[in-house]
Amino acid sequence: MNLLTQDKNNIWHPFTSLKGADDPILIESGEGVYLKTHDGKKIIDAVSSWWVNIHGHSHPAIAKAIAEQALKLEHVIFAGFTHEPAIKLSENVLTILPDNQSKIFFSDNGSTAVEVGIKMALQYWHNQGIERKKIIAIDGAYHGDTFGAMSVGERSIFTAPFQDHLFQTIFIDFPNAENEEIVYQRFQQLVVEDNVAAFIYEPLVQGAAGMRMYSSTLLDKMIGFAQEHDVICIADEVFTGFGRTGELFASYHMTYKPDIMAISKGLSGGTLPIGITSCSKKIVGAFDSSEVGKTFFHGHSFTANPLACAASNASFELLMKAECRQNILKISSLHRSFKERIEQSDKLADVRSLGTVLAVELRTDTGTSYTSPVRKKIYPYFLERGILLRPLGNIIYILPPYVIKEDELKFIYDEIEKFINNEL
Ligand SMILES: *Cc1c(COP(=O)(O)O)cnc(C)c1O
């Protein structure tokens with residue numbers, strides 16, 4: 001039987017209708033920014049395979065690290081046991097996280113990293129016998145697909161079936177140039193008046209909401225004010241970590257540092273699933289006890305999997321090279337020039353860029369929803385031209401692996417510009 005028929009019979013793909021969806025594309029191998037299909041076509045992975053890949057596909061240094069680790073120790077229970085790859089990774093990550101971060105808790109993916117962050121923040125108060133339970137989040141937020149992560153995220157067609165089972169969260173409006181002062185005032189009111197346990201946010205850019213960007217000055221003020229009132233600030237850097245926004249972490253764009261950080265995606269260079277939740281000494285303090293009830297009872301079978309840790313350490317080495325830093329700066333600057341080149345077009349509602357992220361918002365009369373019909377046109381259009389772009393509704397975005405070459409990026413820009421000029 002043909003592989004695609006077997007796929008159709010057996011497999012349920014993520015974020016995909018069981019009926020009417022196009023056949024998936026069968027990928028046989030990957031190299032650098034290219035994915036290679038079974039029938040020999042090359043596709044530029046302009047979205048870093050759902051935002052995870054930073055050094056290109058099948059990077060030999062990461063592959064080697066995984067292979068060597070697999071022959072030594074593939075996995076071991078992480079309660080009561082430990083291993084060098086995890087210890088080394090904790091050291092590596094702590095050297096690049098904001099210096100108030102003091103401990104590393106491992107899990108498997110972005111959603112679990114967020115769940116752990118929320119649970120840590122709630123138990124921080126519980127362990128001290130203080131009634132603080134409410135969580136503030138930002139309208140449009142996406143923090144993952146597990147129940148806690150869904151609860152602090154935007155309610156939409158995606159979460160509707162589970163609405164009654166999600167815990168209540170207080171949402172503040174998404175800040176923009178017009179409402180910034182009002183949003184800040186409302187935020188201050190909530191922080192002062194309510195029993196707020198935590199504030200969770202995607203620093204500077206909401207990825208899933210359409211690469212929506214907001215002011216670092218405002219966010220800095222919000223974190224500062226929240227911390228002044230002991231509200232635990234959780235930075236969800238699952239998407240923004242490891243250079244995506246130009247800085248190693250988006251939190252470096254602000255002066256106030258989060259109490260808790262969730263990271264994943266780029267951590268292993270996009271090779272193996274792993275998540276980390278880090279926290280400050282203040283958080284650790286509430287758990288620093290031998291009382292059973294104050295223990296953080298959370299863990300996954302594959303906590304700190306040695307293969308994923310080895311991949312992450314290899315990815316870290318690549319990230320620390322001057323070449324990687326230069327690549328990030330080069331992409332950032334090319335993105336800015338492209339933005340300047342096209343932003344006057346009356347076919348566009350907005351063009352924005354931050355670090356290696358570029359978003360082009362098309363002017364459509366169907367609104368900005370994820371299900372916007374223009375998406376159905378964009379996706380196959382670019383695939384036919386050998387470019388993987390996965391628009392969020394009417395928003396086309398590029399966030400490539402950092403190893404992308406200038407001519408490859410220019411090819412993508414030119415194709416986008418042609419699409420805007422000729423197809424809209
Ligand atoms: C992708 C993402 C998550 C969820 O990560 P998964 O690994 O897909 O579970 C959480 N928060 C943000 C900001 C994300 O972009």
Discussion item. Ring centroids only, cut at 6.0 angstrom: are His300 and His298 within range, meaning strictly under it?
Written reply: yes
Item to complete: Answer yes if the ring centres of Phe287 and Tyr124 are under 6.0 angstrom apart, and no otherwise.
Response: no
What residues form a ring pair (Phe, Tyr, Trp, His ring centres under 6.0 Å) with [X], not counting sequence neighbours?
X: His229; value: Phe225
X: Phe199; value: Phe187, Tyr201
X: Tyr252; value: none

Worksheet item: Please walk me through it: do Phe296 and Phe105 pass ring pair (Phe, Tyr, Trp, His ring centres under 6.0 Å)?
Response: CA-CA 10 Å; Phe296 190 55; Phe105 192 98; 5.2 Å; yes
Show me the side-chain donor-acceptor pairs of residues 413-424 shorter than 3.5 Å, one per line, residues at least two apart or across chains.
from: Tyr413; atom 1: OH; to: Leu334; atom 2: O; distance (Å): 3.4
from: Tyr413; atom 1: OH; to: His335; atom 2: N; distance (Å): 3.1
from: Tyr413; atom 1: OH; to: His335; atom 2: ND1; distance (Å): 2.7
from: Asp414; atom 1: OD1; to: Arg341; atom 2: NH2; distance (Å): 2.9
from: Glu415; atom 1: OE2; to: Lys418; atom 2: NZ; distance (Å): 3.0
from: Glu417; atom 1: OE1; to: Arg341; atom 2: NE; distance (Å): 3.0
from: Glu417; atom 1: OE1; to: Arg341; atom 2: NH2; distance (Å): 2.6
from: Asn421; atom 1: ND2; to: Glu417; atom 2: O; distance (Å): 3.4
from: Asn422; atom 1: ND2; to: Lys418; atom 2: O; distance (Å): 3.3

Partner set under side-chain hydrogen bond (donor to acceptor under 3.5 Å, both in side chains) for [X], not counting sequence neighbours:
X: His143; result: Asp236
X: Gln123; result: Asn127
X: Asp230; result: Lys282
X: Gln227; result: Asp259

Practice prompt. Mark yes when over 12 heavy atoms from residues, nucleotides or ligands other than Lys410 sit less than 6.0 Å from its NZ; otherwise mark no.
Written response: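 12 or below, so no.
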Worksheet item: For Gln128, does the CD atom sit with more than 12 other heavy atoms under 6.0 Å from it, leaving out its own atoms?
Response: yes
Discussion item. So if I apply the side chain to side chain donor-acceptor pair (under 3.5 Å) rule between His253 and each of Thr245, Asp220, Thr240, Thr217, which one comes out positive?
Written reply: Thr245
Fill in: Candidate list Gln101, Lys257, Glu237, test side chain to side chain donor-acceptor pair (under 3.5 Å), partner Ser251, passing option
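Testing Ser251 for a side chain to side chain donor-acceptor pair (under 3.5 Å) against Gln101, Lys257, Glu237 leaves exactly one candidate, Glu237.
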Worksheet entry | Counterpart residues, salt bridge (charged side-chain N to carboxylate O under 4.0 Å, His left out), relative to Lys88 (two or more places apart) | none
Worksheet item: Can you name the salt bridge (charged side-chain N to carboxylate O under 4.0 Å, His left out) partners of Lys119, sequence neighbours left out?
Response: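 Per chain and number, Lys119 pairs via salt bridge (charged side-chain N to carboxylate O under 4.0 Å, His left out) with no residue.
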Practice prompt. Determine, step by step, whether Thr356 and Arg244 satisfy the side chain to side chain donor-acceptor pair (under 3.5 Å) criterion, reporting the C-alpha distance in whole Å, the side-chain angles of both residues, the deciding distance to 0.1 Å, and the verdict.
Written response: CA-CA 5 Å; Thr356 68; Arg244 251 318 146 206; 2.9 Å; yes
Fill in: Straight-line distance of Ile200 CD1 to Ile136 CD1, nearest 0.5 Å
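Here the rounded value is 12.0 Å.
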Fill in: Summary of salt bridge (charged side-chain N to carboxylate O under 4.0 Å, His left out) pairs that have at least one residue in residues 133-146, sequence neighbours excluded
Glu131-Lys133, Lys134-Asp194
Worksheet item: Which pairs pass salt bridge (charged side-chain N to carboxylate O under 4.0 Å, His left out) with one or both residues in residues 36-53, sequence neighbours excluded?
Response: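 Qualifying pairs: Glu31-Lys36, Asp39-Lys41.
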Practice prompt. Mark yes or no for whether Thr303, through its side chain, and Gly299, through its backbone, hold a donor-acceptor pair below 3.5 Å.
Written response: no
Practice prompt. Among Phe239, Tyr142, Phe242, find the residue that satisfies the ring pair (Phe, Tyr, Trp, His ring centres under 6.0 Å) test when tested with Trp51.
Written response: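 That would be Phe239; it is the only one of Phe239, Tyr142, Phe242 passing the ring pair (Phe, Tyr, Trp, His ring centres under 6.0 Å) with Trp51.
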Worksheet item: Does the pair Asp350/Arg352 count as a salt bridge with the N-to-O cut at 4.0 Å?
Response: yes
Worksheet entry | Lys NZ or Arg CZ of Arg186 over Tyr184 ring: under 6.0 Å, within 45° | no
Worksheet item: Yes or no on side-chain contact (heavy atoms from CB on, under 4.5 Å) for Ser268 and Ser315, after CA distance, side-chain angles and deciding distance?
Response: CA-CA 6 Å; Ser268 66; Ser315 174; 5.7 Å; no
Practice prompt. Evaluate the side-chain contact (heavy atoms from CB on, under 4.5 Å) criterion for residues Ile62 and Leu318: first the C-alpha distance (whole Å), next the side-chain angles of each, then the deciding distance (0.1 Å), finally the verdict.
Written response: CA-CA 9 Å; Ile62 304 180; Leu318 296 170; 3.9 Å; yes
Worksheet entry | From CA spacing to verdict: side-chain contact (heavy atoms from CB on, under 4.5 Å), Thr159, Leu166 | CA-CA 9 Å; Thr159 57; Leu166 303 181; 4.1 Å; yes
Discussion item. Leu4 vs Lys8, test: side-chain contact (heavy atoms from CB on, under 4.5 Å). Steps then yes/no.
Written reply: CA-CA 6 Å; Leu4 278 180; Lys8 218 184 186 74; over 6 Å; no
Fill in: Side-chain donor-acceptor contact under 3.5 Å, Glu408 with Tyr34
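Checked: Glu408/Tyr34 side chains pair up, N/O donor to acceptor below 3.5 Å.
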